[in-house]
Each structure stands twice: as C-alpha cells, then as structure tokens.
Amino acid sequence: MEKTITDETIEYVSILAKLTLSGEEREQVKRDMGRMLSYIDKLGELDTSGVEPMSHVFPTVNVFREDVVTNGDDSKNMLKNAPGEKDNMFMAPRTFE
Amino acid sequence: MRGNMGKEYETVIGLEVHVELATRTKIFCGCSTAFGGAPNTHTCPVCAGMPGALPVLNRRVVEYAMAVGLALNCDIVRDCKFDRKNYFYPDNPQNYQISQLYLPICRDGFVEIETAGGSRRVGIHEIHMEEDAGKLIHDEWEDCSLVDYNRSGVPLIEIVSRPDLRSAEEVMAYLEQLRLTIQYLGASDCKLQEGSMRADVNLSVRETGASEFGTRTEMKNLNSFRSVRRAIENERERQIDLLEAGEEVVQETRRWDDERECSYPMRSKEDARDYRYFPDPDLPPVYISQGWLEEIRDRQPELPWEKRKRYGEEYGIPDNDIEIITGSRRLAELFEGASALCGQPKKVSNWLMVETQRLLKEQGMEPEDIRFSPEHLAGLVKLAEKGEINSTVAKEVFQAMFDRDVDPESYVEEQGLRTVNDEGALKKTVEEVIAANPRSVEDYRNGKEKAMGFLVGQTMKAMKGKADPGSVNRLLKELLQHWKMD
Ligand SMILES: [Zn+2]
C-alpha cells in the first residue's frame, strides 16, 4: 500500500526546504515521497524487539584532534566556491528585514 | 509585581547561555579561533561547509565542557554524541549546525546564587557542545549580505537553566556566578560585549500562587548585563499589560533592540522551529571513561566560593577586599602571587583595592586586562616597605607598572627615584628653602601652620620628590625652632 502525502505536508516540507513548487511539481513530489516512505516502511517488518537503538554503524568512539592550529589563510581558494565575492567575503542574498 | 487590577504577578525566567570556549582552534577543524583576522582568513572546507569535508572533534572542547559541568554540579553523560540541527541561513554554510540534542554532555546541575533575598539554588537542565555560526554584514550598496566564516565552527557550550529564576536581580547574580566560575576554569573569557558570552532569556508571567506556567517568550540579542536587565523588565511589563487587557501572550522569539529599549517579534519563517535533528554520521560518539573524568576532576582549580573561604581564614584582609579580589581570576592570581613573594597580603590587597581600581576605572579596563605581574607588584611593596621610596613615588612607580609593567626596582634606579637618606644633603636643602622663603618662615612664626605645608612642598620639589616627607617635616621643624630662638 502506497502512503498518501497530504497537501499540508507538502506545503510544510517545501517551506522547510525553501522550495517553491508548481502545481505539477507538487503532485510529482507527493507521489515520490509516498513511494519513498512506503519503501522505508519495509523496515517495520523486521522484529527489532531486544535490539538497542544505534546512531552510528561503525563501532568507533573518541576520534579526536589535538587543539593545534594546522590551517593557515586559504581564503583565496575558499572564495573560489563563493556565488559572489566582495571584500574577501562570500556574497549571499539579503537576509535583513 | 502588581498589575493595575490589583493582581500579583510572578515572573518565571529560564536562561540559555552560550559561552565561547577558549580553545586555540575550532571545534571540528584546525583553523584558528583568534579574533580580528581579515574576513575568511581562518576558514577551511570543514568550517565553510564544503561538501565531503570531514569534521574531527577537538579534545579540548570536551574537556572544557566537562570542567564546566563538574563546577556546576552536573552529571557527566558518559556516552554522548553530536546531532545535526537543520536550518537554512547564510551564516550556517552546512545548512545544519552540529550540536547535541539527544545526549548532551552534562545534565542536572545547579548554581548557588546570592541576592539581597538570600542564597538560592538555580537548576541547570543541561549543557551541550556546539559550533558557532559565521557573521553576516549587510551591504547597502549591493543590497546583499556579505559573510565572514571566521567565527563559523568556533566551539560553544550552551548552558540551559531550569525556569528557576524569579527576577532580574537573580538573573544578574546567576550570570555573574557563571561568568566567574568559567573564567576561573580558564574555559572562556566570558565577555558579553565581545560576544564570548551571550544570553537568551525565556520569560513568562503568572498570577502569584498559580501552579501552571504562563506562555513564555524567548528574547535574543542581549549583549550586555544592562540589556539583559532592561529586556527582562520590559518583557515582564509587556506580558502583564497583555494579560490585564484580557489578551494572550503569544509564544514567540523576540529580538531586543538595545537602542530603542524595546523588543519586536522575529519573523515567523525565521522562527520555524522544526530543526529535524538527527545524529551526525560524520562524528563518532564520545565515550568518557572513569579515568578521563577523574583526570579532569583532579585538574579543577580552586573555585571562587572555595577561594573566598580560604582567604578569610588565611590572609586576614577585610571581607570587602575578599569579595572584590576573588571577583576576578586575574586579581586573585596577582594577590596570591604577590603576597607569597613579599609576605605582605594587606599591603598587596591595598594596591589592588585602591590604585588598581582607580586606574581600571579611569582607563575603562577590566581586571582581566591588567598587564603587571605579581613579581613586580611584590617588588613595589618591598621597596616601599624598606623605605627606599616614599608613598608619592610609590604611586608614580605603580602608574608606570600599570601602564607598561615596568620592573619597579630598575625603574626607580633609572629614574633616580630612590629616597635620599643622606641627612646632610637634606639638611642643606632645607636650609636653602628656609633662606629663600622668608615670608613663609615669618608666617609660620606667627602661627600660620599652613606655611609649613608650603615649605615641605618646596623642599620635596627641590629634592625632586625623592625625600622622605617625614624626615623633611622633622628637619624643617627643628631648624625653624632653632631659627626662632635667634
Ligand atoms: Zn576550518
């Protein structure tokens, strides 16, 4: 059985994801999301009673670095990835009211 | 507080305090945390949120968080981990902030505070580790935001109190106690103005005696003790006014405007509180062994309340001195260091209480900014004690020490400030002063005691301040008496 995603859910998720969807895209996303969630539901078929919840798949703990400066000024390279640049800063859409 | 309709209201306050840790490097990369670098010169793919970059946890951050937790009587969560808090904003280049939601490093502590109303315990709900965001600057010309990621990834701890505070006074006492404790631990310099300590205030009001909490608001952007106080008073009144008018308090985040002294709600989109936390798969969990915990416990320095008690028993200085000196880690270090070197705690305390406070105030400095060393302060006390400099010269030397940490011994030598103990030379000067000022001598002879002050002053001036005023006084009186008898 495929999950049904409501219009409210799509509206809410698109706000969180900062996406504006057309009517057509919205229907498509509803179907895709329903399919994905149904697929994930397969996990519910497993009997997990007595299994401890885990957050990581590798049995590793305590991977640390010491508090020593290893990086210098690499701003020239870093700013190559900027959508725009001014005064050695990344340019971003206006955020202030 | 009483409303217009005669109802009594109680204010309920909880605090979220962010403290920037004093590590050399960021929480997940080897970039420097130093202040004042040109924009983006302390960045790398990790702290600029480039895809595929791998964060690795700074051990010092965990140790500082443990130290603060222990000092605030918390349980240390031995298995803790990091989670991603998802939101979009240009100051957050990964589109998530690495924080701790499910298993924060410290839980269930308390802080003891003192107010006029007596002493009280304020509960600590939890302390978690997280990373700071970048800095946004609005560019009017281009009508865009410019981002500097130097602060992105700087380690923070967030200390979340229980809603145990009831007034602005209690909040001030609580913040002060946190600041002092963390400074003593060396975990942060805790400067509100510079943003290394920031407080968000959760506040609600309810009729006194009510068992349920009222609806609370959260106030952000408080960057001084004064603005915290003003924001609390303002928000308490705003909420009571709403209730008295039969309206409801809306649960929202408000931004404090320090200049206009009022707050306004932040846009609701900014306030969408669905952060979809999930465990960060890049960062393996942290396991704190008993051995590591004991190591941190053993390293804890003496804390403010312990110091206060010991000073009272050990040094015999007034309570007010104890309060001021232990109120700053730097003053306490100077006091203990200098006292141990010169064996004169009362004299040391006196320099710290009078001249130091005067100069700090005059130059708008914090005690933590003091430059002179305990060795030099002890040296000054010794010079004055041995009578090698008089008290006026001592103040002059202290000023130079305060300004540029000069060594008092060599400064006195270089400037030729040592008190002249040559009785013959002093006597000769006094005779010259008497001969040069017949009018004052006449006045003194006619009973004008003021004239003596003038003559002492003239002698000190002639001796370039290097005479002992007591000896000058004595010699003048002797010679004048002799002169009168002629
Ligand atoms: Zn970095």
Side-chain angles (χ1 to χ4, degrees), chain A residues 5-6 8-21 29 33 36-37 40 43 48 51-97, chain B residues 23-25 28-34 37-46 48 50 56-62 79 81 83 86-91 93 102-103 134 136-139 142-149 266-267 269 272 274 276 278-281 283-288:
Chain A
I5 307 296
T6 62
E8 291 77 54
T9 303
I10 286 295
E11 176 69 23
Y12 183 59
V13 171
S14 60
I15 288 172
L16 289 177
K18 296 208 186 293
L19 290 174
T20 314
L21 300 172
V29 167
M33 234 170 113
M36 280 185 260
L37 288 176
I40 297 287
L43 288 172
T48 54
V51 177
E52 280 285 305
M54 65 191 272
S55 57
H56 293 74
V57 288
F58 300 111
T60 325
V61 293
N62 293 358
V63 177
F64 297 126
R65 13 176 302 277
E66 298 309 314
D67 187 23
V68 177
V69 179
T70 52
N71 301 338
D73 175 8
D74 194 25
S75 55
K76 284 281 157 299
N77 262 326
M78 296 309 301
L79 285 158
K80 280 185 191 159
N81 298 299
E85 187 201 326
K86 189 181 177 186
D87 302 336
N88 226 46
M89 286 184 274
F90 290 72
M91 232 185 225
R94 165 198 166 97
T95 52
F96 291 76
E97 297 95 279
Chain B
T23 53
R24 288 188 192 95
T25 62
F28 300 121
C29 62
C31 290
S32 167
T33 55
N40 293 302
T41 51
H42 301 158
T43 58
C44 73
V46 173
M50 297 299 167
V56 184
L57 180 58
N58 183 340
R59 183 196 301 273
R60 258 343 249 296
V61 173
V62 184
D79 285 287
K81 63 183 177 65
D83 305 296
N86 298 279
Y87 69 95
F88 294 102
Y89 211 66
D91 64 359
Y102 299 107
L103 292 167
L136 290 168
I137 297 148
H138 182 62
D139 187 290
E142 308 274 356
D143 195 28
C144 69
S145 292
L146 298 176
V147 204
D148 172 10
Y149 291 118
M266 286 164 80
R267 278 183 312 177
K269 264 193 183 172
D274 187 342
R276 294 146 291 142
F278 64 88
D280 192 306
L283 290 156
V286 176
Y287 169 68
I288 298 166

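Proteins come first, then strands; the chains are lettered A, B, ... in the order of their sequence lines, and each starts at number 1.
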Practice task
Taking the side chain as every heavy atom from C-beta outward, state whether V69(A) and S32(B) have any pair of such atoms under 4.5 Å apart.
Solution key: yes
Problem - Steps toward side chain to side chain contact (heavy atoms under 4.5 Å, CB included) verdict (L57(B), V63(A)) - result: CA-CA 7 Å; L57(B) 180 58; V63(A) 177; over 6 Å; no
Practice task
Calculate, to the nearest 0.5 Å, the distance between atoms CG and OG1 belonging to N77(A) and T43(B) respectively.
Solution key: 9.5 Å
Practice task
Please examine the side chains of N40(B) and F90(A), heavy atoms only from C-beta on, and report whether any two atoms are closer than 4.5 Å.
Solution key: yes
Practice task
Check each atom of Y12(A) against the heavy atoms of chain B and say whether the ones under 4.5 Å are side chain, backbone, both or neither.
Solution key: side chain
Problem - D87(A) side, atom CG; D148(B) side, atom CG - distance, nearest 0.5 Å - result: 11.0 Å
Completion exercise
If one checks every heavy atom of P285(B) against chain A at 4.5 Å, the contacting part turns out to be both
Completion exercise
So the salt bridge (charged side-chain N to carboxylate O under 4.0 Å, His left out) pairs with at least one residue in residues 68-85 of chain A (sequence neighbours excluded) are none
Exercise for the section: Among the options A48(B), P45(B), G134(B), pick out the one with the most heavy-atom pairs lying under 4.5 Å from chain A. Expected result: P45(B)
Problem - Criterion side chain to side chain donor-acceptor pair (under 3.5 Å) on D67(A) and T23(B), from CA distance to verdict - result: CA-CA 7 Å; D67(A) 187 23; T23(B) 53; 4.6 Å; no
Practice task
Kindly compute the distance separating CG (L79(A)) from OH (Y149(B)), expressed to the nearest 0.5 Å.
Solution key: 10.0 Å
Handout entry: Options R59(B), H42(B), K81(B), ranked by heavy-atom pairs under 4.5 Å with chain A, top entry
Key = R59(B)
Problem - Side-chain donor/acceptor of H56(A) to backbone N/O of L283(B), under 3.5 Å - result: yes
Handout entry: Among A92(A), S75(A), P93(A), A82(A), residue most engaged with chain B (heavy-atom pairs, under 4.5 Å)
Key = A92(A)
Fill in the blank from the handout: Taken to the nearest 0.5 Å, the spacing of S145(B) OG from R94(A) CZ works out to 8.0 Å
Handout entry: D280(B) side, atom CG; S55(A) side, atom OG - distance, nearest 0.5 Å
Key = 10.0 Å
Problem - Non-hydrogen atoms of P284(B) and V61(A) that approach each other most closely - result: CB-CA, 4.3 Å
Completion exercise
Of G37(B), C44(B), P279(B), A34(B), the largest count of non-hydrogen pairs under 4.5 angstrom with chain A goes to C44(B)
Practice task
Output, in order, the C-alpha distance, side-chain angles, deciding distance and verdict of side chain to side chain contact (heavy atoms under 4.5 Å, CB included) for R24(B) and V68(A).
Solution key: CA-CA 7 Å; R24(B) 288 188 192 95; V68(A) 177; 5.8 Å; no
Handout entry: Check: V62(B) and F64(A) side chains under 4.5 Å, non-hydrogen atoms
Key = yes
Exercise for the section: Report the option among M89(A), R65(A), M78(A) that has the most heavy-atom pairs separated by less than 4.5 Å from atoms of chain B. Expected result: R65(A)
Fill in the blank from the handout: Ranked by heavy-atom pairs below 4.5 Å to chain A, first place among D139(B), I288(B), T33(B) goes to D139(B)
Problem - CG on L16(A) to CZ on F88(B), rounded to 0.5 Å - result: 8.5 Å
Completion exercise
Comparing A38(B), C31(B), P93(B) against chain A, the one with the most heavy-atom pairs below 4.5 Å turns out to be C31(B)
